[in-house]
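Data block below; observations after.
Per chain, numbering begins at 1; letters A, B, ... match sequence-line order.
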Amino acid sequence: MRSIEKDVEFPQLEKRILARWKEKDTFRRSIRNRAGAREYVFFDGPPFANNLPHYGHLLAGIIKDIVPRYWTMRGLRVHRRFGWDTHGLPVEMEVEKALGIVGKGVASVGIETFNEACRASVLKYAREWESTVEKTGRWVDFEDRYLTMQPSFMESVWWVFRQLWDKGLIYEGHRVLPYSTGCHTPLSNFEASADYRDVQDPAITVTMPWVDDPDCAFLVWTTTPWTLPANLAVAVHPELDYVKLRDHADGRRWVLSANLVGQYFKKPEEYTILERMKGRDLAGIPYVPLFDFFEGKRAEGAFRVLVDEYVTAEDGTGIVHLAPAYGEDDHRVCLREGISLADPVDLDGRFTEPAEPWKGQYIKDADPLIIAELKRRKRLVKHATLVHSYPYCERSGTPLMYKAMPVWFVKVTELRECMLAANAKTAWIPENLRDGRFGKWLEGARDWNISRNRYWGTPIPIWRCEACRGLQVIGSIAELEALSGEKVEDLHMHRIDHLGWTCPTCGAGRTRRVPEVLDCWFESGAMPYAQNHYPFENREHVENGLPADFIAEGLDQTRGWFYTLMVLSTALFDRPAFSNVIVNGLILAEDGKKMSKRLRNYPPPDEILDLHGADALRLYLINSGAVRAEDLRFSERGVRDVVRLALLPLWNAYNFFVTYAMIDGFNPAKEPATDSPDIMDQWIRSRVSTLADTVRREMDAYRLYRVVPELIRFIDDLTNWYIRLNRRRFWKPGLEGDKAHAYGTLHEVLVRFSLLLAPFTPFLAEEIWGNLTGAEDGDDSVHLQDFPEGGAGSMDPGLERTFFLMQEAILLGRSLREEQKIGVRQPLPEMTVIHPDAGLADRFAPLAGVIRDELNVKRLSFATNEADYVHLEAKPNLKVLGPRLGKKMKVVAAAVAGLSQDRLRAVQAGGTIELEGETLDADCLLITRTALAGQVVGAGSGLSVSLNTTVTPELRAEGLAREMINRIQRLRKDSGFEVQDRIGVRYHTEDAGLAAALETHGATVAGEVLAVSWEATGPLEGPEAKEFDLDGRIVRVVIWKV
RNA sequence: GGGCGUAUAGCUCAGCUGGUUAGAGCGCACGCCUGAUAAGCGUGAGGUCGGUAGUUCAAGUCUACCUAUGCCCA
């Protein structure tokens, strides 16, 4: 054992231990150690490495460390591979910025240059990540990491795609997406909402005359006239009220929402209501389109009234025009009705052939031309303008258009039932997420658009014949090489898009890959297979490891990784991807707002780690709702409190042990502690076993948030009860008998506690365990050990209960002393513990000395006759009686309240009583006590105590002696003496009582203050003579070092 | 607009399947320092559990509605 510093710096300690782990390869050995054991499968969700890690990452990382460490100590083998999400938009955007091509498009530098720039930049922050993650104490393999851009990973992703294709789960369709005509690309919703501007747009109302009654027309309103040439239908809400009315101005008849008539007529005299109807009554009525470009679509059911609930009567006419190519709802409703879309606008945003009159015109420029044409055709009834907020392309500054784009879908709707069944087999922390947030999301899941019109990603492995349009899906590199006749080493777009071959279907055309790449969520969802290059390698290993035992990520992954994992594992294997998941919440700044670099409203993670250490941060984070999906307001003070409340007290206990063990030359190998007859030793050993049991139970259920309060409670018992009450045992001379037991016990308890702490505070646990077992001289580590057993054999619940009662007795005694204003230094003759059970006296007997010392009383006695001290009051034990009595509870409760003291005592003594026809025994009643007036009694829940406050002259003298000891001790400290310095004392007092007290107890006082000479003298003068006032008695004292 | 959370002491949060006197830390008041620990110890004050209605013998806990607030989706 080595001696330790008293003023510990945890961050320094952690640094030292990190270096040791690295040197001894402890992490890898902790896995290798369990070579033959069952594998505990953990999947690590890959983060983007294009930013520094924030608290959310650290929190998830800490959970991902604690759980695997725990199961490793439980004897399992837990591989932990780190992964990076290397593809996707964030990387592309950053590279566009770096290359200076924002708004110009990737074509301006070429895909090859662009993709290679992406490849070079993705791991830019990997080093910083590694260093921060390491600092948090997280053990994870950064060397054997997986990257979504590795050819092996991408090949597995292709395999997954091919599997889905073979199962008929992939199809090509359209989705209306925000599209930038400036950048020639659809945008993500995120990008689309980046730049909203207030703009003025035309707001026009046009007529759609009934085919059967041309004088009557629907009124339709729009702010995008350019979508009118592509109009294929109109829609109404089934439950809304509509009217047919006559316009007195020109006699024509209009149909519109009843609520919106006021928008078109100022006065009621201007029109006459002819008919009222519900929206659904209008269903199917055919109308005459504005233009005849798509007249052929009438056969599909176009140009009539459709019904859908998305229609509102808030503005316009309550009848909306549908252009399925240019609106998401339009598209959905028309698709449902079997109307295929019409899209007369090219990728530049210019009209094409079908819309002949405006061919080549940019859509926004065509607006006024279209309006003019409508006016000419007398189809325009109102022309206004509207200022509204409209999304713009952040990069090119052009207004976005919503446009149907060809995309590839996974048919999630077909998997829904299987996914719900798989989800039912998973366990979530917090539980409600499974059927709540996540379950609801699954129930409402729509087909998943997995294609992206981007460059840096896994290319969608579909080749299309330019002649027959036939599709061919490639599921491996070997297949691609065989078909193309070329060697393929990298699957990125710029390396494979030149590959093509003669179409095997028609034998005429040449095949070409479709232009899209896969959504990077598809890749992370494929991670369980792709990280191991399944099925090309590791076949058995991967299949045996499904579903994973454990994953942990943030709440934001509900629609992210949790979802994509589930979609793909269900599609491939009809199984869930994971069995247990811990979901962590958002970490907010202390002010409750989002953490913002710009506002600097939070301390950087590295700063917290360097200042307070990782152990403290770990305990702080897992002791919060953040480990069950609740938001956490991060507070540095909270981290500091953990240090103050848990780590430092434990360090002090450890320091106490080491200090004395070094002095006494205690050798843990020689002194067995297991058989100590001392009741306190047995108690603290039982406590640590109970704690191990509790921690196992909570960790087995993944309830990390239940652990820290238990740890703190134990540390309090260890330091403020066990050590404080037992320290005198360590001061005795020699190293025999009881003292050896004390050492043995404290050693064993600290060692077991450090084992138990290892998953949570890996550094402090390593320090304590290593030093106390001497194992740090070799290669061993606390993290290579088994988690401590709890188990009935090593626990003594009865003893723990007795000890708890003793603690209560002491607390009550202290409270009475405060109340009576009698300081602890004044001895009192007696305290009586009052409890109806006479057996308590026996159980307390071994603890009597402790209680007397703690409360400074001469005698401890016991009484069972509660009536002499306290007034009993009874309440019905609702938990017992409630289910039994039901409605009768009220009358019984009233009767119980009226019971006499005698009858209550009789029940307590084991009798029964009859009340309202019910037989009640002691278990049916809850008895509370209040002190009788005129007594010094404290009533607790388990027992009561009575304090005899009679101070006899003898006790007074003893009290004065203790006061004197206290003053001299303070004087010693003020004089700067060392603890072990011997002193001489001279004193003088005029007070006869005090003089007598100091005479009687002179030897005791002198002994306590280490005085080798002790002398009463005549009056003392001079500055070295200090005057004290002991409750009004004056004494002057001189001390000196001998 | 829809889905899912959250609301308990001045502050940050516990409170398990409804049941007894609703707990802890910080802060506050008062007291206690040489024998591990003042980054300590003790004692105490402080709460109509967001609101309303309901279910029940019994509601901080269950239900409905409302208010505030957060996340996700549209």
- Heavy-atom protein contacts under 4.0 Å, nucleotides 36-43 of chain B, coded B base, S sugar-phosphate only, - none: BB-BSSBS
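Under the rule for a ring-ring contact (aromatic ring centres under 6.0 Å, His included), A:Phe1028 has no partner lying at least two apart in sequence or in another chain. Looking at residues two or more places apart in sequence or on another chain, you find no salt bridge (Lys or Arg N to Asp or Glu O under 4.0 Å) involving A:Asp693. Under the rule for a side-chain contact (heavy atoms from CB on, under 4.5 Å), the partners of A:Asp631 that lie at least two apart in sequence or sit in another chain are A:Leu586, A:Leu588. By the side chain to side chain donor-acceptor pair (under 3.5 Å) test, A:Thr413 is found to be paired with A:Asp447, residues two or more places apart in sequence or in another chain being considered. With sequence neighbours excluded, no residue forms a salt bridge (Lys or Arg N to Asp or Glu O under 4.0 Å) with A:Arg817. Partners of A:Trp448 according to the ring-ring contact (aromatic ring centres under 6.0 Å, His included) rule, which considers only residues two or more places apart in sequence or in another chain, are A:Phe522. Evaluation of the ring-ring contact (aromatic ring centres under 6.0 Å, His included) rule for A:His331 yields no partner, not counting sequence neighbours. For A:Arg628, the salt bridge (Lys or Arg N to Asp or Glu O under 4.0 Å) test picks out A:Glu630, with sequence neighbours left out. Listed by chain and number, the residues in a salt bridge (Lys or Arg N to Asp or Glu O under 4.0 Å) with A:Asp556 amount to none (sequence neighbours excluded).
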Protein-nucleotides 70-72 of chain B N/O pairs closer than 3.5 Å?
| from | atom 1 | to | atom 2 | distance (Å) |
| --- | --- | --- | --- | --- |
| B:G70 | O2' | A:Asp631 | OD2 | 2.9 |
| B:C71 | O2' | A:Arg437 | NH2 | 3.1 |
| B:C71 | O2 | A:Arg437 | NH1 | 3.4 |
| B:C71 | O2 | A:Arg437 | NH2 | 3.1 |
| B:C72 | O4' | A:Arg437 | NH2 | 2.9 |
| B:C72 | O2' | A:Arg559 | NE | 2.4 |
| B:C72 | O2' | A:Arg559 | NH1 | 3.1 |
| B:C72 | O2' | A:Arg559 | NH2 | 3.4 |

- Could you provide the dot-bracket string of RNA chain B, using ( ) for intrastrand pairs, [ ] for crossing pairs and | for bases paired to another strand, with Watson-Crick or G-U pairs below 3.5 Å? (((((((..((((.....[...)))).(((((.......))))).....(((((..]....)))))))))))).
